[in-house]
Amino acid sequence: MATSLTTPKLSSFSCSATFTLNSLFFPKSLHLSRPYFLSLPTTLLSLSHPRRTFAVRSQSQNGADAPPHYDFDLFTIGAGSGGVRASRFAASYGANVAICELPFSTISSDTTGGVGGTCVIRGCVPKKLLVYASKYSHEFEESNGFGWKYDSEPKHNWSTLIANKNAELQRLTGIYKNTLKNAGVKLIEGRGKIIDPHTVDVDGRLYSAKHILVSVGGRPFIPDIPGREHAIDSDAALDLPSKPEKIAIVGGGYIALEFAGIFNGLKSDVHVFIRQKKVLRGFDEEVRDFVGEQMSLRGIEFHTEESPQAIIKSADGSFSLKTNKGSLEGFSHIFFATGRRPNTKNLGLESVGVKVDKDGAIQVDEYSQTSVPSIWAVGDVTNRINLTPVALMEGMALAKTLFQDEPTKPDFRAVPSAVFSQPPIGQVGLTEEQAVEQYGDIDIFTANFRPMKATLSGLPDRAFMKLIVCAKTNEVLGLHMCGEDAAEIVQGFAVAIKAGLTKSAFDATVGVHPTAAEEFVTMRTPTRKIRKNQPSEGKSNSEVKAAAGV
Ligand SMILES: Cc1cc2nc3c(=O)[nH]c(=O)nc-3n(C[C@H](O)[C@H](O)[C@H](O)COP(=O)(O)OP(=O)(O)OC[C@H]3O[C@@H](n4cnc5c(N)ncnc54)[C@H](O)[C@@H]3O)c2cc1C
């Protein structure tokens, strides 16, 4: 589960490099011109991690000007997934590292955050806990066909869920703090701001560093429409004082769908408003169709091609959402899941010359270096692939590049990902549309079936699975699933896709029976063959659905 994605396991550290305690504690040539409050890096006293000499010594051999000495080899701003990973591995390679982070709160702001970052406090972890909570209602329903009867309708207590969730977040943020401490990273609470290419200001105290890492992540974005102040974002949606009775979710991305599933499972009346015809732009088209249909069957109402224009508060305290198509009333909550923006405002980036794009994301090269050579950036703030394991990979690669003499580029090929909607989605590799564009000739294998559990539960649940194969090389280019356990299944198959395995290798693999996952190794006949400059052979998406009785 998500905590294992993010809870680091410390590798043992040994380093034979010189330990220059004196030069690190008593810098002789500080390059700062402004008043300087000397901040002794107390974690250096942790001798379990002897320091290597990344901080340049104060006196050079030939009597030339001494290169500058810094408080730290690395100063990281933001202790989320990417920042923590980079910092603790840098420390394990012998670097002298400090990290700053805002004080803890479940709601992020300019002045609040918390060690662990979005994933732990306002993202993957609390979201998945709420997904678990919401799935029980379907399971109670499913269990009837298997002989279970309940004397009364099971009741859910929202306050218990939120209190238990918050206790777990406190436990996790504590684990993160300990991990940093055990790695010898100095944790400084406060807001970091870059003053010059080697100096960070944290609430009035200045720290110098050879390298600065910006890993400040992002925050939810709500468009500027009338009544915007009545809307909630994903931070608030994860920590509401009471369960929504009727909620409008604006947005068709993965966060919107996950929350639609959560509130639907917890018996709220859920309406999803999307600008386009379909949910999940960028996902495989068949998966987009399939998940929308399955979610509708569970009672979620989709309002397609509807853009919000205003939120109006009624005298009874409820809200209406005005869109280009009309107005819908009686909502207890209006939740905007309309994307996130990097936390780059008022961070001092412009003044030192760090380039950002039009959305405020920091521009970096393949090694995560910004336009200022001593300043680096990883994670959501760079808006590459905004997922926790990707931020971890980028942080890890950076630590190797800077402190292990091993220049390492994060590898963005075949990054698997999941949507914890209900049913969930797992995917890795190319979509059909991308594969056609990049390879031209491809074979598509699909399965659309009623899982065994649904036969007795009587529910209309189905599963969809898809393999995309290069006709020329037989390599499996993409693998997609929407159905129970999709995320877990796809994580396993992602190794095969990353390794570039062929369809023949899939065919030669024996299935585990009876599972849904075995479909991926038993699909023998292509659903359709797509050839450049030739009409496709086989069945279209709608023909497959008709044949399956959907
Ligand atoms: C609702 C939701 C669900 C998600 N679900 C998933 C999922 O299931 N799987 C997945 O892989 N990803 C998921 N994500 C995305 C994932 O959370 C992010 O990709 C990941 O947290 C990015 O890590 P990061 O280190 O870049 O930034 P963050 O984790 O956001 O960390 C940045 C940190 O910097 C701090 N900070 C900001 N400014 C300053 C400053 N000036 N000084 C000091 N500190 C500062 C912030 O307080 C924060 O703690 C989800 C995100 C959301 C919002």
Side-chain angles (χ1 to χ4, degrees), residues 1-3 5-6 75-87 98-131 173 176 187-194 200-203 212-221 233-239 251 253-259 262 335 337 339-349 361-362 368 377-395 398 415-421 424-426 487 491:
M1 110 108 230
T3 47
L5 284 179
T6 56
F75 194 103
T76 303
I77 308 178
S81 311
V84 168
R85 177 57 63 101
S87 300
I99 189 166
C100 71
E101 174 57 61
L102 299 162
F104 179 94
S105 168
T106 52
I107 308 293
S108 62
S109 71
D110 278 347
T111 52
T112 54
V115 174
T118 304
C119 173
V120 175
I121 303 167
R122 290 163 233 103
C124 329
V125 173
K127 176 263 316 266
K128 188 93 186 265
L129 293 174
L130 264 57
V131 169
T173 194
Y176 269 76
L187 173 62
I188 301 162
E189 191 171 89
R191 188 172 192 286
K193 184 172 177 176
I194 297 175
V200 177
D201 173 320
V202 184
D203 296 341
I212 295 171
L213 170 60
V214 184
S215 49
V216 293
R219 291 227 303 276
F221 166 79
D233 61 22
S234 60
D235 288 4
L238 286 165
D239 207 31
Y254 83 95
I255 292 177
L257 292 203
E258 292 178 336
F259 278 96
I262 289 169
F335 168 17
R340 295 172 62 80
R341 291 286 182 274
N343 275 332
T344 44
K345 276 201 190 126
N346 198 19
L347 203 60
L349 296 173
I362 297 181
S368 303
V378 298
D380 286 9
V381 75
T382 61
N383 199 18
R384 287 177 277 185
I385 299 179
N386 295 341
L387 293 171
T388 286
V390 175
L392 298 178
M393 169 175 68
E394 291 167 4
L398 181 68
V415 169
S417 68
V419 180
F420 295 97
S421 47
I425 296 168
Q491 176 65 86

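As a basis for the values below, the full set of heavy atoms in this structure was taken, side chains included, without hydrogen atoms, waters or symmetry mates. Note that ligands are numbered from 1 as they come in the structure, with each ligand's atoms numbered from 1 the same way.
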* Asked: Counting heavy atoms only, which of Glu394, Arg122, Arg384, Lys127 comes nearest to atom 1 (C) of ligand 1?
  -> Arg122
* Asked: Going by heavy atoms, is Arg340 under 4.0 Å from ligand 1?
  -> yes
* To do: Check each heavy atom of Lys193 against ligand 1 and say whether those closer than 4.0 Å belong to the side chain, the backbone, both or neither.
  => neither
* For Asn346 and Gly348, indicate whether the former's side chain and the latter's backbone hold a donor-acceptor pair under 3.5 Å. => no
* Asked: If you look at every heavy atom in Ile194 and Ile77, which pair is closest and at what distance?
  -> CG1-CD1, 3.8 Å
* Structure fact -> Nearest heavy-atom contact between Thr382 and Glu394 is OG1-OE1, 4.0 Å
* To do: Measure from the side-chain N and O atoms of Ser81 to the backbone N and O of Leu392, and report whether any donor-acceptor pair falls under 3.5 Å.
  => no
* To do: For ligand 1, note which part of Asp380 has a heavy atom under 4.0 Å away: side chain, backbone, both or neither.
  => both
* Structure fact -> Short version for Cys124: what comes under 4.0 Å of ligand 1, heavy atoms counted, is both
* **Gly113: numbered ligand 1 atoms lying under 4.0 Å from its heavy atoms** => 47 (O)
* If we only count N/O pairs under 3.5 Å, is Asn343 in contact with ligand 1? -> no
* **Residue of the set Asp235, Thr112, Asp239 for which side-chain hydrogen bond (donor to acceptor under 3.5 Å, both in side chains) holds with Thr106** => Asp239
* Which of the ligand 1 atoms, numbered from 1, are nearer than 4.0 Å to a heavy atom of Ser215 -> 32 (C), 33 (C), 34 (O)
* Could you tell me whether the side chain of Arg340 and the main chain of Gly218 form a donor-acceptor pair under 3.5 Å? => yes
* Dump the intermediate steps for side chain to side chain contact (heavy atoms under 4.5 Å, CB included) on Ser421 and Tyr254, then the final yes or no. => CA-CA 8 Å; Ser421 47; Tyr254 83 95; over 6 Å; no
* **Numbered atoms of ligand 1 (with element) below 4.0 Å of Cys100, judged on heavy atoms** => 43 (C), 44 (N)
* Name the one of Val214, Ile99, Val202 that satisfies side-chain contact (heavy atoms from CB on, under 4.5 Å) with Phe75? -> Val202
* Check Val115 against Ile121 and note the closest heavy-atom contact, atom names and distance. => O-CD1, 3.7 Å
* Asked: Backbone N or O of Gly113 within a donor-acceptor pair of the Arg122 side chain at under 3.5 Å?
  -> yes
* Asked: N/O to N/O below 3.5 Å, does that happen between Glu258 and ligand 1?
  -> no
* Asked: Does ligand 1 have a heavy atom under 4.0 Å from the side chain of Phe104, from its backbone, from both, or from neither?
  -> neither
* **Arg219 with Asp380: basic N within carboxylate O range, under 4.0 Å** => no
* Among side-chain atoms of Arg384 and Ser368, is any donor-acceptor pair under 3.5 angstrom? -> yes
* Asked: Is a donor on one side and an acceptor on the other found under 3.5 Å between the side chain of Asn383 and the backbone of Asn386?
  -> no
* Structure fact -> At under 4.0 Å between heavy atoms, what of Leu387 touches ligand 1? The answer is both
* **Nitrogen or oxygen of Ser234 less than 3.5 angstrom from that of ligand 1** => no
* Asked: What do you reckon, does Gly395 put a non-hydrogen atom under 4.0 Å from ligand 1?
  -> no
* Any N or O of Gly82 closer than 3.5 Å to N or O of ligand 1 -> yes
* Distance filter under 4.0 Å to Ile255 heavy atoms, resulting ligand 1 atoms -> 1 (C), 2 (C), 52 (C), 53 (C)
* Please identify which atoms of ligand 1 are closer than 4.0 Å to at least one heavy atom of Gly80. => 25 (O), 29 (O), 31 (O), 33 (C)
* ligand 1 atoms in contact with Tyr254 (distance to a heavy atom under 4.0 Å) -> 4 (C), 5 (N), 6 (C), 13 (C), 14 (N), 15 (C), 50 (C), 51 (C)
* Just heavy atoms, cut-off under 4.0 Å: does Glu101 contact ligand 1 by side chain, backbone, both, or neither? -> both
* What are the atoms of ligand 1, with element, lying closer than 4.0 Å to any heavy atom of Gly379? -> 26 (O)
* Asked: At a non-hydrogen distance cut-off of under 4.0 Å, which region of Leu347 contacts ligand 1 (side chain, backbone, both, or neither)?
  -> side chain
* Pro389 touching ligand 1 at heavy-atom level, < 4.0 angstrom -> yes
* Between Ala487 and Ala418, what is the shortest heavy-atom contact and its length? -> CB-CB, 3.6 Å
* Nearest heavy atom to atom 27 (O) of ligand 1: which of Gly217, Gly116, Pro342, Pro416 does it belong to? -> Gly217
* To do: Please identify which atoms of ligand 1 are closer than 4.0 Å to at least one heavy atom of Asn386.
  => 15 (C), 19 (O)
